[in-house]
Each structure stands twice: as structure tokens, then as C-alpha cells.
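Below: one structure, written as C-alpha cells.
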Amino acid sequence: MKKIEAVIKPFKLDEVKDALQDIGVQGMTVLEAKGYGRQKGHSELYRGAEYVIDFLPKIKIEVVVADDLAPAVVETIQNAARTGKIGDGKIFITPLEDVIRIRTGETGAQAI
Ligand SMILES: Nc1ncnc2c1ncn2[C@@H]1O[C@H](COP(=O)(O)OP(=O)(O)OP(=O)(O)O)[C@@H](O)[C@H]1O
Ligand SMILES: [Mg+2]
């Protein structure tokens, strides 16, 4: 299994969510985040206003999938979240040891 975390522009959330649903992703977690990248938050526009602070509002999504679905998830997020401008975000991929579905006690890929 893989845990895929992506930091994206907030207005892209719906598009990313719909695209992931279309390829069969079963669940996801969404967090409101603040962050900065190489430009340190400067000279990036958010809703038309130039921020002079270091942290910009971002959305972080977390998706856990079986290994075979991971490349499609990454590609889907990249395509849906991309505007071509700075601040489009990043995708982080981590091997995931186990998942437990609390209600049933299932573990591993069965539990996703
Ligand atoms: N190295 C990092 N570690 C953790 N989070 C990061 C890292 N780089 C970027 N992020 C997160 O991703 C968000 C978007 O980063 P961003 O897309 O601006 O990266 P970048 O490297 O500056 O690329 P670009 O030049 O396209 O803007 C940041 O606000 C931050 O939340
Ligand atoms: Mg940047």
C-alpha cells in the first residue's frame, strides 16, 4: 500500500476529488493547511490578492491505495491540480505498513 499526500491549491479540491472518485479511490482525508514552497509565499496570487506573508492557504489531501493503483492516483492528482503557475503544489508518496478497518477488524489492502 501507498500513502499519497498532496498539497494543492484550495480551489482545485473539487476537481481533484471528482477525478479520484472516477478512478476508483475509496476514501480520502482533506486537511486545511498553510505552507510555502520555493518562493516562500511571495509573489503568488491567492484570489487576486498578493500575499506578503510567508504562509499561503493550501489543501492537503491524503489518499491510501493498493500499490497497483498508486501510479494512477499520482497522475490523476497531477493532471487535475495543475494550472501551470507557481504554487500548484506537491505530491508525496510513502510506503504504508498497515490499515485497520475499525468496524470489521479487516487489515491490509482488504481494509482500504
Ligand atoms: N519541501 C516541501 N516539504 C513540505 N511541503 C512542501 C514542500 N514544498 C512545498 N510544500 C508544500 O506545497 C505547497 C506548494 O508548494 P509549491 O507548489 O509552491 O512548491 P514550489 O517548489 O515552490 O513549486 P513552484 O515553483 O511550482 O511554486 C507549499 O505551500 C507547501 O505547503
Ligand atoms: Mg512555489
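Order of listing sets the numbers, starting from 1, for every ligand and every atom in it. Everything numeric here is computed off the predicted structure, so don't read it as measured data.
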Any N or O of [X] that comes nearer than 3.5 Å to an N or O of ligand 1?
{"X": "Gly87", "result": "yes"}
{"X": "Tyr36", "result": "yes"}
{"X": "Gly35", "result": "yes"}
{"X": "Lys34", "result": "no"}
{"X": "Lys85", "result": "no"}
{"X": "Phe92", "result": "no"}

Say you draw a straight line from [atom1] of [X] to [atom2] of [Y]; how long is it, rounded to the nearest 0.5 Å?
{"X": "Met1", "Y": "Ile112", "atom1": "CE", "atom2": "CD1", "result": "5.5 Å"}
{"X": "Met28", "Y": "Leu13", "atom1": "CE", "atom2": "CG", "result": "7.5 Å"}
{"X": "Lys9", "Y": "Lys58", "atom1": "NZ", "atom2": "NZ", "result": "6.0 Å"}
{"X": "Leu69", "Y": "Ile4", "atom1": "CG", "atom2": "CD1", "result": "7.5 Å"}
{"X": "Lys3", "Y": "Ile93", "atom1": "NZ", "atom2": "CD1", "result": "12.5 Å"}

*Do you see an N/O/S atom of Tyr36, backbone or side chain, under 2.8 Å from the Mg ion (ligand 2)?*
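Under 2.8 Å: Tyr36 has no N, O or S contact with the Mg ion (ligand 2).
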*Select one of side chain, backbone, both or neither to describe which atoms of Leu56 lie under 4.0 Å from any atom of ligand 1, heavy atoms only.*
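It is neither; nothing of Leu56 touches ligand 1.
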*Report yes or no: does Asp88 contribute a side-chain atom to a donor-acceptor pair with the main-chain N or O of Thr83 at less than 3.5 Å?*
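Confirmed, Asp88 side chain pairs with Thr83 backbone.
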_Heavy-atom check, side chain of Thr76 versus side chain of Val25, under 4.5 Å_ =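 Side chain of Thr76 against side chain of Val25, heavy atoms only: no contact under 4.5 Å found.
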*Is any side-chain heavy atom of Ile59 less than 4.5 Å from a side-chain heavy atom of Val16?*
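Counting from C-beta outward, Ile59 and Val16 never come under 4.5 Å.
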*Counting from 1, what ligand 1 atoms have a heavy atom of Val7 closer than 4.0 Å?*
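Within the 4.0 Å cut-off of Val7, ligand 1 contributes 11 (C), 12 (O), 13 (C), 31 (O).
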*Please identify which atoms of ligand 1 are closer than 4.0 Å to at least one heavy atom of Asp88.*
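Checking each atom against Asp88, I get 17 (O).
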*Which option out of Lys90, Lys60, Lys9 puts a heavy atom nearest to atom 19 (O) of ligand 1?*
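Nearest option to atom 19 (O) of ligand 1, by heavy atoms: Lys90.
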*For atom 25 (O) of ligand 1, which of Lys58, Arg38, Arg82, Gln39 has the closest heavy atom?*
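Among Lys58, Arg38, Arg82, Gln39, the closest heavy atom to atom 25 (O) of ligand 1 belongs to Gln39.
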